[in-house]
Amino acid sequence: MNAYPHLLAPLQVGSVTLKNRIIMGSMHTGLEDHTKDIPRLAAYFAERARGGVALMVTGGYAPNRRGWLAPRGARMASQKHADAHREITDAVHAEGSKIALQILHAGRYSYHPLSVSASALKSPINPFTPRALSSLGVERHIKDFVHSAKLAQSAGYDGVEIMGGEGYLINQFLAARTNKRTDRWGGSPENRRRFAVEIARTMRAECGPDFLIIFRLSMADLVTDGQTFAEIEALALELQDAGVSILNTDIGWHESRVPTIVTSVPRAAFVEFTERVAQAVDIPVAAANRINMPETAEAILSSGKIELISMARPLLADPDWVNKVQAGQTELINTCIACNQACLDHAFSNKPVSCLVNPRAGYETVLQLMPTRRAKSIAVVGGGPAGLSAAVSLARRGHKVVLFEARESIGGQFGIAQRIPGKEEFAETIRYYTKQLEVLGVDVRLNTAVTAAQLVEERFDDVVLATGVTPRMPSIPGIDHPSVLSYAELVRDGKPAGDRVAVIGAGGIGVDVSEFLTTEHSASLDLEEWKREWGVSSNPTAVGSLTKPVASAAARTVYLLQRKEGRIGAGLAKTTGWVHRAALKAKNVQELTGVNYERIDDSGLHISFGEDHSRPEILDVDTVVICAGQESVRTLEPELVAAGIQPHIIGGADVASELDAKRAIRQGTELAASL
Ligand code: FAD
Ligand code: NAP
Ligand code: SF4
């Protein structure tokens, strides 16, 4: 018997049979916005349909222009729009899956001056103040939502998802925070619910009994003056009466100051909120947020009333997720590590969405790993993300691959990253590659710092240099003082730090190292502690499911320094940088900018400020950790070239600056596709 009986059981929803319990949640890929990208979108959905998922939800489509996320964004508002979608629905149905179109009206999150909302209140994350809809405007909007659903039905969609969470228009009507109306669409909780319920009721009447209507319900708003659980429960019951088929989970608003999906959020952190709603209604309810592996999903389904699991990013990372579960091959799953680097960070900067661990996501028709016609013998030097992705992709194409790794295990710098509290998920990527190398028969030679002579001797057809980076040690007087450690010595090699530490360099690694130094390591995985730190309340009467955050004590005193003026962490990514900055603040990390490093000696780190080296100061620290960037390791290149071998150079060995695992993995895959 399969170890995931609940996950793989079919579910009847009205007249629709879902073949298992996995829904792919909505993700805006950037391909929705232009009709010319429909073939790419069709290939993207078809690949995931082949992977066995029961039902997919598209990215958000606005029901009218005012609801656009941004000017000229995706819309489902005319028969012409609908006709173009046939290619998508046909491709999905041909692969035996189902698909629903998400209807999303951004309300005050619309990034244009024509935005509308329940009330004329600007959001803290958008420069445009919306116009309050008139009563007539509200009624017109209900019609537009329903019209959009009818169009989706005519395009062959099995249903629609009404986006009722995340702080978008419907959520803006639901919460007292954003709905200050005094007419029948505002005031009492019942009045605030009316817009959502009327959309669902009219949609059911117009679309008939067999069409799936999913409602994405905010189960915890996580904003001040957000809904209480009593309000959410009442809404769930009214939506059920209005004819909604499935309630899907949404947690938090875009403007919430509580992280909801980043990697430091413990797995399945918000399931209790979904469970409470599921207890109250009879229709199926889907859990979502930080569910990425089958054991977590199975545990949720087997222990409660929840009947479906909605996963979005995990299916970007691995389109074959469900097939692998079905085949009992869960070790082969390419796990979403919740980094947001190639998905949400791209979406928020208007770049096409992809995936750090799967650069083919969204590029299915562009980046293909076709079987090779001439199998070659290829050496890949370096088992970091770049070398691993190259080795695995080359072997998948049918090449004979030898992977050399100098250390006792694979992972490279990523192996250091996985030791940072809140980045434990990164270990999944290393587990994935370990297993893939094994099943693809790559000859892995650990503890082998390969030399150019060895590579020449083995007469490979191609040599790939993925030798990565090494920490930069700046030329500060006293840099060889015993109190100085590189980040690798601290985090990877476990060298001890004292009670007072200065961290030199405040890039991504300096920030991570500061969290490493201030966090008790078991704490990052403890859900109750995490909720306390971020002020998430399970109390059903808590407004917006919030309470006062209580920071845990820092494990030691840490100073984080950079030479630049300006705030620390300014270069961190959009969707995760604020979480890191808040974590540093909670741990009382002392941030110093515009610093000159004068010297390091027995009394600590001597610094000064500004061009004139004024205000000299001694930081009385017992350890100095260097996080001052990295340098490429490519010593093998000249030796190989001298021997007549022109190596392919990827990842950090290629360019060290602004290196991340996203680039390293993408370069490895792209190179493999081309050899
Ligand atoms: P490396 O990871 O440096 O791998 C190179 C490998 O080559 C090493 O294993 C090395 O031992 C091996 N090697 C070198 N010479 C030889 C030889 N002669 N023979 C055999 N083997 C050799 N990136 C992100 O995208 N997101 C993050 O959140 C993130 N967080 C990070 C946190 C920390 C604390 C650190 C240290 C890094 C983080 N990174 C993150 C960066 C990411 O890990 C690197 O960008 C990535 O590992 C670079 O991959 P690479 O394969 O090019 O090089
Ligand atoms: P980085 O972001 O380039 O930061 C290097 C830091 O060192 C900067 O603060 C820089 O600031 C300082 N520095 C540079 N040269 C120095 C010198 N000679 N002396 C003293 N200080 C110096 O690099 P990183 O932190 O090493 O990170 C490497 C890569 O890993 C990054 O590019 C990043 O993409 C990736 N990463 C990503 C994440 C993530 O969450 N996405 C997390 C960790 C790492 P000043 O010059 O102002 O002092
Ligand atoms: Fe998951 Fe990161 Fe890929 Fe996004 S980019 S799907 S968060 S692994």
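These figures come from a predicted structure and were not determined experimentally. Scope of the values below: all heavy atoms of this structure, side chains included, with no hydrogens, waters or symmetry mates. Read the numbers this way: they start at 1 and go in the same order the structure lists the ligands and their atoms. By convention here, the first residue in the shown sequence is residue 1.
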Is Asp660 touching ligand 1 with its side chain, its backbone, both, or neither, if touching means heavy atoms under 4.0 Å apart?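 Both the backbone and the side chain of Asp660 come within reach of ligand 1.
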With heavy atoms only and a cut-off of under 4.0 Å, state how Lys423 meets ligand 1: side chain, backbone, both or neither. side chain
Classify the contact between Cys355 and ligand 3 as side chain, backbone, both or neither, using a heavy-atom distance cut-off of under 4.0 Å.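 Both backbone and side chain.
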Sub-6.0 Å ring centroid separation between Phe348 and His254: yes
Those atoms of ligand 3 less than 4.0 Å from some heavy atom in Ala342: 5 (S)
Do any of the N/O/S atoms of Cys339, backbone or side chain, fall under 2.8 Å from atom 1 (Fe) of ligand 3?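 For Cys339, the answer is no, given that no N, O or S atom comes within less than 2.8 Å of atom 1 (Fe) of ligand 3.
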Numbering as shown, the atoms of ligand 1 that approach [X] to under 4.0 Å (heavy-atom distance):
{"X": "Ala406", "answer": "20 (C), 21 (N), 22 (C)"}
{"X": "Gly652", "answer": "52 (O)"}
{"X": "Gly651", "answer": "52 (O)"}
{"X": "Gly412", "answer": "2 (O), 4 (O), 8 (C), 9 (O)"}

Nearest candidate to atom 14 (C) of ligand 2, where distance is taken over non-hydrogen atoms, out of Ala661, Ala656, Ala628: Ala628
Among His580, Glu565, Lys564, Glu658, whose heavy atom sits nearest atom 45 (P) of ligand 2? Lys564
Looking at ligand 2, would Cys627 count as a contact under a 4.0 Å heavy-atom criterion? yes
